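Just so it is clear: chains get the letters A, B, ... in the order the sequence lines come, proteins before strands, and each one is counted from 1. No experiment lies behind these values; they were computed from the predicted model shown.
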Number of protein chains: 2
Amino acid sequence: MRDVAALAGVSLKTVSRVVNGEPGVSPDVRDRVRAAVGRLDYRPNLAASNLRRTGARTGLVGALVQDLSNSFSAGLLRALEDAARRRSTAVLAASLDEEAEREEALVHDLVTRRVDGLVLMPASERQDYLVAELRTGTPAVFVDRPPRGVDADSVRVDNVEGSRAATEHLLDLGHRRVAALLDIETIPTAEERRAGFTAAFTARGLRPDPRLVVPNLRSTDEATEVMHALLALDDPPTAVFTGRNILSAGAVRALAERGLRREVALVGFDDFPLADLLDPPLTVIRQDVQRIGATVADLLFERIDGDTSPPRHVVIEPTLVARGSGEIPPPPRTR
Amino acid sequence: MRDVAALAGVSLKTVSRVVNGEPGVSPDVRDRVRAAVGRLDYRPNLAASNLRRTGARTGLVGALVQDLSNSFSAGLLRALEDAARRRSTAVLAASLDEEAEREEALVHDLVTRRVDGLVLMPASERQDYLVAELRTGTPAVFVDRPPRGVDADSVRVDNVEGSRAATEHLLDLGHRRVAALLDIETIPTAEERRAGFTAAFTARGLRPDPRLVVPNLRSTDEATEVMHALLALDDPPTAVFTGRNILSAGAVRALAERGLRREVALVGFDDFPLADLLDPPLTVIRQDVQRIGATVADLLFERIDGDTSPPRHVVIEPTLVARGSGEIPPPPRTR
DNA sequence: TTGAAAGCGATACCAG
DNA sequence: CTGGTATCGCTTTCAA
C-alpha cells in the first residue's frame, strides 16, 4: 500500500479511501491510485484492515459437519453457503467423522481465526468446552443434534416422530418382525430414532424383537453384513427400518444380494439422491436439508447481527415419502 | 493479550512465548500466564499474529468447485480436506454453479484473504484474469478442467479416452443407434467427452446419428425430458452414453418411466453412490475422486512450499466399471 | 479534498 | 529467562 501511495504520489490514507470506495477523493486522484494498484498488483490485506476497523467482521463462518462427502452434510453446507453468499460471507468447512477431539480442536481454531459464527453438527457427547469459546462472542448454531452443556440455538428434525411414523407405516401393513439398523448410540439423533422405533411398537401394545435391533453401525458395509445375518435367521425380519442414509444403502445391498428386494419391506431415515430410482424405489423419511440449512443460516446471521435473545430450538417435521420399498406387505404365512 | 500480561504480571513478549509454546520460559511464569489466559478467555488473534510473522501463512486454502452438493465436487473437497488437515490447514469452499463472474469475484476475495493456495474447477472459459491474481504469489491448481490463458498446474481425467471406451463398449455389443446426453458445450470436459464419443464411431468407420447427440443439458430434469423425446422417435436409440452423473440419473429416470431399463443399454460418465444398487446396476466410467483430490493437494502444497518448477498437468485414466446396464445387447431385429 | 500521527494485536530483534 | 521497542498493513482521528 505504501508503494501504491508512492507511485500515485499521494498519502496512505488516500489510497485507503480509494480502495474502500470512500467518498471525498477527486476523480483525478482516484484514477491515479487505481492505475498504481493495477501496475503493482496490489491487493488489500483483509486481515490487516480488520485489525484496526471498529466492529470488524471477518466475513467468515465455520461449518463443522459429520462428513462433507455425505449427501446430508453436503446439502446442508450448500444451503448455508447460499445464505452466506448473500451476506458476502465465506464458509470454512470441515468434517468431524464423529471424532470429538477433532471437533474441539477445530472449534478452537475457528474461534482463533475470529470467524463471525459457527455451525456445528457435534461429534462430542457434551460441549461444555464451548462455554468458554462462546464467551469470546462468537455465536454458534447447532444442527441435526442438540447442544449439551452449553446454551445455543439449534435446528433439527423431529427424529422420534419421524422414525415412529416409519415404523407405524410398517406395522400398519401387518409387519411384526421389523428389524432396525441404527447408528452409533452416543449420537443423540440415533438414540431418538431408536426411541421412535420402539414407541411405535409400544403404542400398539407390541414389543420389537431385541435381536432384530442392531445399533452402533458405522458404515454401509457393516449394515450389509448385519442385514445378511438377520436374513439368515430362522425367523428373519419381514421389514426393516434403517436409521441413516448410508445404512439404508447397506440394507438394500444385502437384500439385493439375496434377491429379496421385493420380499422384504424397507423404510430408511433420510432421503438421498437416486433413492427413487432404486427397484423398488426406496420409501424414506425425508428431512428437508434445504430448509434446515436455510433456518440454520437465518439463526446464525441474526446472532451475528447482534440478537441476544434466549436460544431458540427449531424442530422441523420430517415427512414420509412412500415410493414402494416400504409398501411391501408381509408374506401371508408369517403370523 | 495486554490484559493477560497485566494479570500475570509479565510482559507482552512473555505471553506471546507461552501462547506459542516457545522455549525459554520458566514453568512458574508459564503457569501464571496460562491461568490468566483461562481467566480472561483470551484467544490469540491469528490475523494479527500473521501480520508481523515472517513468511507467515494463513493456513487457509480456497476451493472453488462446481457445486458442493454434487457428489463429485463433495468427494473432491473431502479428499482435499484430508490432505489439508495433515498440514493444519483449513479449507474455504464455495460453489460456482458454472457462473464465470462468481468465479472471478471469489478468486479475488480469496486472494485478498491471503489464502495460501487455490483449487479451481473453473466455470469460466478463459482465466486470463488469474495472471494478475497469481502474480501476488498465490499458487493455484486446476481440477477437472484445464487452465486457459494462464499457466498453472492441473489434474484431470482423460475424458476423451474415457468416453471413447464407454462408446466402444456399446459398439462392441452391436449397438449402432447410440445416443449421447452431454453437459454445457462451453465446459471443456463436456467437449472432450463428446469428442471421445465421436472418435469411437469414427475408428470403426461409423458415424453417430446427429439427432441422437444432445449437448447443453444442465440438469437431471432436462436429461429426463430429452431422453423421453429420443425414446419416442420412430427409430429410437438402443443404447445411451451420458456425459455426467446428474445426466445419468435423468436418463435412468426416463427409461424407468417407460419400463425400458432392461431394454436400452446405458453407460454413464462419472460414478456416484448407489449406482451399483440400481436395477440393472449402472455401468460407468469411474473417475477416482479420492486420487484426483489427493493429487491436487500434493501439487498445491508443493507449490505452497515454494516449488517453482514449470506447471505440471496430471492426467488420470478413468476406468470402465461394467455392472449390467452397459451390457444390455441391442434387440435382434435392429439392423 | 488531503495528510500526519496514533493505534489495532501480535511478533522480531536485541538488550538486559 | 525476561522485557523494551520497532514494525506488520491498514484504519481512525483530527488537523490542514
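- Side chain of Gln127(B) to main chain of Pro122(B): no donor-acceptor pair is present (N/O by atom type, distance under 3.5 Å, no hydrogens or angles).
- When the C1' atom of dG7(C) is taken as reference, atom CG of Leu51(B) falls 12 Å away, rounded to whole Å.
- Rounding to whole angstrom units, CE of residue Met1(B) and P of dA10(C) are separated by 6 Å.
- Using a 4.0 Å cut-off between charged side-chain N and carboxylate O, Asp3(A) and Arg39(A) make no salt bridge.
- The stretch residues 11-45 of chain A comes close to DNA chain D through Lys13(A), Ser16(A), Asn20(A), Tyr42(A), Arg43(A), Pro44(A), Asn45(A), each having a heavy atom under 4.0 Å from the strand.
- Taking a cutoff of 4.0 Å between a charged side-chain nitrogen and a carboxylate oxygen, Asp305(B) and Arg57(B) qualify as a salt bridge.
- Atom CZ in Arg52(A) sits about 18 Å away from atom P in dT7(D), given to the nearest Å.
- Without hydrogens or angle criteria, Thr138(B) side chain to Val111(B) main chain gives no donor-acceptor distance under 3.5 Å.
- The pair Asp82(B)-Arg86(B) fails the salt-bridge criterion, with no side-chain N (NZ, NE, NH1 or NH2) lying under 4.0 Å from an Asp/Glu carboxylate O.
- Leu299(A) has its side chain out of reach of Arg303(A): every pair of non-hydrogen atoms, C-beta onward, lies at least 4.5 Å apart.
- If you take CZ of Arg57(B) and C1' of dC8(D), they are 18 Å apart, rounded to a whole angstrom.
- A salt bridge links Asp307(A) with Arg312(A): the distance from a Lys NZ or Arg NE/NH1/NH2 to an Asp or Glu carboxylate oxygen falls below 4.0 Å.
- Going from atom CG of Asn50(B) over to atom C1' of dG9(C) covers 12 Å, rounded to whole Å.
- With rounding to whole Å, Asp3(A) atom CG is found 10 Å from dC10(D) atom P.
- The backbone N or O of Val61(B) lies less than 3.5 Å from no partner atom in the side chain of Asp116(B), so there is not a single donor-acceptor pair.
- In the interface, the side chain of Arg53(A) is not paired with the base of dT11(D) through any donor and acceptor atom under 3.5 Å apart.
- The C1' atoms of five pairs define one axis at each end of the helix from dT1(C)-dA16(D) to dG16(C)-dC1(D), and these two axes lie 30° apart (to 10°).
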